[in-house]
**Q** 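Next up is a structure, given as structure tokens.
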There are 2 protein chains.
Amino acid sequence: MAKTLKKYNYAVIATDIVILTIIKQKLQVLLIKMKKVPYSNNFWAAPGGLVKPDESVDNAAKRQLAQKTGVKNIYLEQLYTFGDVNRDPFGRVVSVAYFALIPSDNVNLKTTKDYGDVQWFPMDSLPKLAYDHKKIIEKANNRLQKKLEYSNIAYSLLPKEFTLTQLQRSYEIILKRRLDKRNFRKKIFSVNLLKKTNKIQRGSANRPAALYEFSKKTAQMVSIL
Amino acid sequence: MAKTLKKYNYAVIATDIVILTIIKQKLQVLLIKMKKVPYSNNFWAAPGGLVKPDESVDNAAKRQLAQKTGVKNIYLEQLYTFGDVNRDPFGRVVSVAYFALIPSDNVNLKTTKDYGDVQWFPMDSLPKLAYDHKKIIEKANNRLQKKLEYSNIAYSLLPKEFTLTQLQRSYEIILKRRLDKRNFRKKIFSVNLLKKTNKIQRGSANRPAALYEFSKKTAQMVSIL
DNA sequence: ACAAAAGTGTTATAAGTACACCCATGG
DNA sequence: CCATGGGTGTACTTATAACACTTTTGT
């Protein structure tokens, strides 16, 4: 990626993907350890790479996402394009950043086992980041927080079936504030997004919780909070 | 722009700017007549051009905006990046689209006089558009409508001093629906965005209107409608 | 029987919506 | 004096916010 860029007269395009999920009651970001100078190996970066001449930018993002996670049917949306001249020390690269949400339960299976240098980091204790990836990740975090309030994207963070408390926790973790249980349920039901399964979650030393699923698993604009 | 691109192995970057204003009670878009094949001269496009290797994408957008309008201090925000493989018949060009808002009163002075092939078109009767610019302009229109409801960007469409009715009309024109005068004023005042000047607008055959100005002329997130 | 999370309504406050008349001016 | 847009308040409806106890399970 690095040296080859010098010969271009114009900027070239890359994508970077901020992959988010919830693990251990924390919002986490998938990062890859940097190897190239000038970034010592204490630096990490969101996965990304150049857009090929025969693929759309969206497809480049999908390709890189699939490579890194192995998971399919992931929520992916364009975030913002970062085009400062010196954002990449290896050359003039403009990055179209995306953000992706993957369900908590799919997570432990893939990724971290193949590469020792791919790792989840909690959003609130990120390592040193290469390029302008700090800015990119912050923007992804903001977008996620806003979008949670006016859309149903939470579906892409949860397993197929889940309890109302799990759903509420996801909101609380991302928004960083506690929500009232009764008001939360009232609101969620009023927007008709959930379908009650007839299953319940047993096994914990308390009253079992009803399991729900999303009735629509495509992005919908609905005001939730 | 055209032939030179073939030699690049990767996509190159351009910006396109959707410049919007209100003229004659209509939301209008600034377009430039196309000359190059395969677009006959019935095709128009939003102004744009390649990003130079030594300028940021934001600066490229500002530069092109200044060239086309001659106006300074214009509201400009990144809209979305369009990266389909075949969006540009001249080569593999990824476009970072921006949208700009310019005040109604600055408008008549510049632009249209210098170039016969630069022209304002009402949003609701656009000509044939080159590239994917129809999609881009639609996206700009959507963004503007949404943003009007949760921010103060209206300031960038109005002259320094304006009447409440002028402000309300701007909202109505962009949102394509009538608003209640009293409720509109109540809301606008409640968010503390306006400052009453001690001037009034005379000259029309009716009671003169008080002139207001925005107290903050930078983008603010406030829920207005 | 106890600990732990599930589940469930009501009241108060704030925000949004609908609606009609008088006022000040220029011609 | 009349046509035109400017300016103002109230009642109703809907949404949001605060708040506590009973239920069901596993150990």
Side-chain angles (χ1 to χ4, degrees), chain A residues 22 24-25 104 145-146 148-152 158-159 161-173 175-213 221-225, chain B residues 22 24-25 104 145-146 148-152 158-159 161-173 175-213 221-225:
Chain A
I22 293 176
K24 294 192 183 143
Q25 303 288 76
S104 336
Q145 289 184 346
K146 296 233 179 72
L148 210 58
E149 307 209 348
Y150 67 83
S151 83
N152 65 340
L158 289 160
E161 300 178 333
F162 51 87
T163 69
L164 291 175
T165 301
Q166 273 180 278
L167 180 61
Q168 187 182 334
R169 288 283 171 278
S170 305
Y171 273 81
E172 291 175 339
I173 288 162
L175 298 177
K176 290 179 178 297
R177 61 175 212 262
R178 295 303 302 265
L179 302 173
D180 179 88
K181 199 205 303 192
R182 281 171 290 190
N183 293 339
F184 181 79
R185 290 173 184 222
K186 205 186 307 171
K187 195 67 214 274
I188 285 287
F189 288 135
S190 80
V191 296
N192 275 339
L193 236 44
L194 298 187
K195 204 164 60 180
K196 200 171 189 169
T197 68
N198 44 19
K199 305 177 195 166
I200 55 173
Q201 188 176 71
R202 294 191 156 275
S204 52
N206 52 30
R207 177 168 173 176
L211 286 169
Y212 291 80
E213 58 186 0
M221 294 301 125
V222 286
S223 163
I224 289 175
L225 296 186
Chain B
I22 293 176
K24 295 193 183 144
Q25 303 286 75
S104 335
Q145 289 183 345
K146 296 231 180 76
L148 211 56
E149 307 208 348
Y150 66 83
S151 84
N152 66 342
L158 289 161
E161 300 180 332
F162 50 87
T163 68
L164 291 174
T165 302
Q166 273 180 280
L167 180 61
Q168 187 181 335
R169 288 284 170 278
S170 305
Y171 274 80
E172 291 175 337
I173 289 162
L175 299 177
K176 288 181 179 300
R177 62 176 212 262
R178 293 305 300 264
L179 302 172
D180 179 87
K181 199 203 304 191
R182 281 171 291 189
N183 294 339
F184 181 78
R185 290 174 184 221
K186 204 187 306 173
K187 195 68 214 273
I188 285 288
F189 289 134
S190 80
V191 295
N192 276 338
L193 237 44
L194 297 187
K195 202 163 62 180
K196 198 170 189 169
T197 69
N198 45 20
K199 306 178 196 166
I200 55 172
Q201 187 177 70
R202 295 192 155 273
S204 53
N206 54 31
R207 177 171 174 176
L211 286 168
Y212 291 80
E213 56 185 4
M221 295 300 125
V222 286
S223 163
I224 290 177
L225 294 187

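Because the structure is a prediction, the values reported are computed rather than measured. Every chain is numbered from 1, with letters handed out A, B, ... down the list of sequences.
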**Q** Which residues within residues 162-173 of chain A lie with some heavy atom under 4.0 Å of an atom in DNA chain D?
**A** none
**Q** Hey, could you give me each pair passing ring-ring contact (aromatic ring centres under 6.0 Å, His included) that has a residue in residues 186-206 of chain A? Not counting sequence neighbours.
**A** Phe189(A)-Tyr212(A)
**Q** Checking Lys195(A) now: which residues fulfil salt bridge (Lys or Arg N to Asp or Glu O under 4.0 Å) with it, not counting sequence neighbours?
**A** Glu213(A)
**Q** List in chain and number order the residues that pass side chain to side chain donor-acceptor pair (under 3.5 Å) with Thr197(B), two or more places apart in sequence or in another chain; answer none if no residue qualifies.
**A** none
**Q** Side chain to side chain donor-acceptor pair (under 3.5 Å) with Ser190(A): which residues, sequence neighbours excluded?
**A** none
**Q** For Arg185(B) and dG7(D), is the shortest distance between a side-chain N/O and OP1 or OP2 below 4.0 Å?
**A** yes
**Q** Name all residues meeting the side-chain contact (heavy atoms from CB on, under 4.5 Å) criterion together with Gln201(B); count only those two or more places apart in sequence or in a different chain, and write none if there are none.
**A** Thr163(B), Gln166(B), Leu211(B)
**Q** Go through the structure and list residues passing ring pair (Phe, Tyr, Trp, His ring centres under 6.0 Å) with Tyr150(A), not counting sequence neighbours.
**A** none
**Q** I want to check one thing: is the phosphate of dG7(D), taken as OP1 and OP2, less than 4.0 Å away from some side-chain N or O of Arg182(B)?
**A** no
**Q** Scan residues 186-196 of chain B against DNA chain C and write down, sorted by residue number, each residue with any heavy atom closer than 4.0 Å; if none is found, say none.
**A** Lys186(B), Lys187(B)
**Q** For Asn206(B), check side-chain contact (heavy atoms from CB on, under 4.5 Å) against everything at least two apart and list the hits.
**A** Ser204(B)
**Q** Could you tell me the separation between the CZ atom of Arg178(A) and the P atom of dA18(D), rounded to a whole number of Å?
**A** 14 Å
**Q** Nearest-Å distance, CG (Asp180(A)) to C1' (dA18(D))?
**A** 7 Å
**Q** Do any pairs count as a salt bridge (charged side-chain N to carboxylate O under 4.0 Å, His left out) and have a residue in residues 196-211 of chain B, sequence neighbours left out, and if so which ones?
**A** Glu161(B)-Lys199(B)
**Q** What nucleotide, of dG5(D), dA18(D), dT25(D), holds the atom closest to the side chain of Asn183(A)?
**A** dA18(D)
**Q** What is the 5' to 3' range of DNA chain C, first to last nucleotide, that sits under 4.0 Å from any heavy atom of chain A?
**A** dA3(C) to dT10(C)
**Q** Kindly write out the residues that satisfy side chain to side chain donor-acceptor pair (under 3.5 Å) with Glu172(A), not counting sequence neighbours, or none if the list is empty.
**A** Gln168(A), Arg169(A), Arg178(A)
